[in-house]
Amino acid sequence: MSVDATDVAVAAGPTGPGGAADVTVRQGATGGGGGAAPRAGDAIRRAELAAFLRSRRERITPEQVGLPRGSRRRTPGLRREEVAHLGAVGVTWYTWLEQGRDIHVSPQVLDAVARALLLDRAERSHLFALAGAIDPLPGKECTGVPLALRQILHQLAPFPAVVQNSRFDILAYNSTYGQLMCDLDALPEEDRNCMWLAFTHPGWRATLADREATVRTMTAKFRASMAEHVAEPAWKALVTRLTEASPEFREIWAQHEVERPASALKVFRHPKVGLLQLTGTNLWTGPNPGPKVLAYTPVDDVSRERLEQLEKLAFGQE
């Protein structure tokens with residue numbers, strides 16, 4: 001479907017992301033002469049882009065982006081106008097994009113949409129590929145961890161605390177968590193995933209007092225969470241990466257065990273401060289499974305003292 005140039009100018013507005021300079025009509029959408037196959041391919045791609053945007057919008061709760069839920073909300077996740085507001089793009093234009101209209105958008109607009117939808121690296125790459133655009137900031141992830149939540153993590157120290165999504169990606173953490181199982185700051189961002197580290201990082205694995213039971217439980221929780229994301233590129237890419245890197249993961253994954261998230265006693269063997277017995281507590285940032293704060297509290301005075309030592313180590317004071 002093509003759209004009229006006048007409609008684009010009205011919907012997009014004169015300035016800002018999604019303005020007239022950033023949204024244009026595809027030319028040559030009608031007429032004869034050998035373009036049927038490319039046009040059919042474009043239609044399929046636009047339909048896939050529309051479905052992808054809709055699925056990303058519906059998974060985000062208003063609370064995750066600081067919006068009130070209200071009492072009359074019927075739409076799962078965010079409304080279209082809320083995404084447009086968060087990305088500072090035109091509401092009509094974003095609606096057309098999610099409807100698969102034949103419009104072309106600039107990389108700047110796609111970046112704004114990726115930010116509004118809190119896309120991770122794989123999802124962002126998928127968005128730009130479907131839109132046929134070059135990402136100006138490849139590898140960027142819009143984790144959506146607000147400053148206020150990062151400040152809460154900081155204030156929880158010396159108790160280790162981390163923000164994770166349901167795929168076990170590490171989105172933010174405080175100083176104590178950053179040294180609990182390895183030096184997280186020293187790792188590239190693409191490796192900051194608890195599943196990946198539990199199966200491939202020697203230092204991380206060495207701190208797990210009951211490593212075999214821990215990785216089995218993690219894999220079962222990961223599989224249970226993946227049931228709602230089986231077609232998503234980021235989830236499939238992580239499974240492929242783990243399958244290729246770890247025979248242990250391949251064996252456990254083939255058993256199809258599932259388990260729901262739950263708090264439990266965790267025991268860590270830190271190479272410098274010694275044995276730590278901690279209780280893990282999940283604090284969800286919204287009503288639906290998604291990003292959460294995982295905080296560890298000591299079960300005894302010895303573990304508390306050792307966490308205080310670990311905090312000092314994190315700041316180079318010991």
Side-chain angles (χ1 to χ4, degrees), residues 145 149-150 152-187 191-226 238 242 246 248-249 252-253 255 257-285 289-315 318:
V145 180
L149 185 52
R150 294 178 184 272
I152 291 173
L153 294 181
H154 176 72
Q155 290 299 318
L156 286 173
F159 297 169
V162 60
V163 179
Q164 294 178 347
N165 59 21
S166 56
R167 201 172 54 242
F168 286 92
D169 291 328
I170 299 171
L171 307 181
Y173 51 91
N174 65 10
S175 58
T176 320
Y177 187 89
Q179 294 294 322
L180 181 61
M181 289 168 280
C182 72
D183 184 359
L184 280 176
D185 290 343
L187 299 179
D191 288 349
R192 295 179 190 174
N193 174 279
C194 293
M195 285 290 293
W196 175 254
L197 295 170
F199 281 100
T200 67
H201 191 284
W204 187 285
R205 289 164 63 84
T207 65
L208 303 176
D210 191 352
R211 184 188 55 78
E212 183 176 350
T214 299
V215 296
R216 285 186 176 277
T217 298
M218 289 179 63
T219 304
K221 291 178 179 178
F222 179 82
R223 182 179 284 281
S225 297
M226 190 173 177
L238 179 56
L242 283 164
S246 171
E248 182 182 20
F249 173 80
I252 297 173
W253 188 249
Q255 296 172 11
E257 297 292 338
V258 293
E259 183 175 332
R260 304 309 300 178
S263 300
L265 176 67
K266 307 290 184 181
V267 181
F268 301 96
R269 291 194 182 97
H270 193 274
K272 294 184 179 180
V273 304
L275 199 69
L276 294 164
Q277 298 188 72
L278 311 174
T279 298
T281 302
N282 294 314
L283 307 171
W284 302 99
T285 60
K292 66 179 182 181
V293 176
L294 171 59
Y296 290 107
T297 53
V299 301
D300 53 37
D301 290 339
V302 173
S303 294
R304 179 185 291 271
E305 292 173 0
R306 289 174 177 174
L307 284 179
E308 292 172 354
Q309 295 175 25
L310 186 58
E311 184 183 25
K312 292 179 181 179
L313 285 172
F315 289 104
E318 288 191 359

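All of these numbers come straight from a predicted model, not from anything done at the bench.
- For residues 152-178, there are no ring pair (Phe, Tyr, Trp, His ring centres under 6.0 Å) pairs, not counting sequence neighbours.
- In this structure a side-chain-to-backbone donor-acceptor pair under 3.5 Å is missing from Arg306 to Gly274.
- Checking side-chain atoms of Thr200 against main-chain N and O of Trp196 turns up a donor-acceptor pair under 3.5 Å.
- Atom CD of Gln255 is surrounded by more than 12 heavy atoms from other residues, nucleotides or ligands within 6.0 Å.
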* side-chain contact (heavy atoms from CB on, under 4.5 Å) between Ile152 and Val293, intermediate numbers included -> CA-CA 10 Å; Ile152 291 173; Val293 176; over 6 Å; no

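- Between Phe249 and Met195 there is a side-chain heavy-atom pair separated by less than 4.5 Å.
- Thr207 is linked by a side-chain hydrogen bond (donor to acceptor under 3.5 Å, both in side chains) to nothing, counting only residues two or more places apart in sequence or in another chain.
- Using a cutoff of 4.0 Å between basic side-chain nitrogens and carboxylate oxygens, Arg304 and Glu308 are not scored as salt-bridged.
- Side chain of Arg269 to backbone of Leu275: no donor-acceptor contact under 3.5 angstrom is found.
- Checking side-chain atoms of Thr176 against main-chain N and O of Pro158 turns up a donor-acceptor pair under 3.5 Å.
- Residues Gln309 and Val273 form a side-chain contact, since some pair of their non-hydrogen atoms from C-beta on lies under 4.5 Å apart.
- Arg150 places no side-chain N or O within donor-acceptor distance of the main-chain N or O of Ala172, the cut-off being under 3.5 Å.
- Here the shortest heavy-atom pairing between Leu307 and Pro298 reads CD1-CD, 4.0 Å.
- The main-chain N or O of Leu171 is never found under 3.5 Å from a side-chain atom of Asn165 such that the two would form a donor-acceptor pair.
- His270 is listed as a side-chain neighbour of Leu310, based on a closest heavy-atom distance under 4.5 Å.
- Among residues two or more places apart in sequence or in another chain, the salt bridge (Lys or Arg N to Asp or Glu O under 4.0 Å) test is passed with Asp191 by Arg241.
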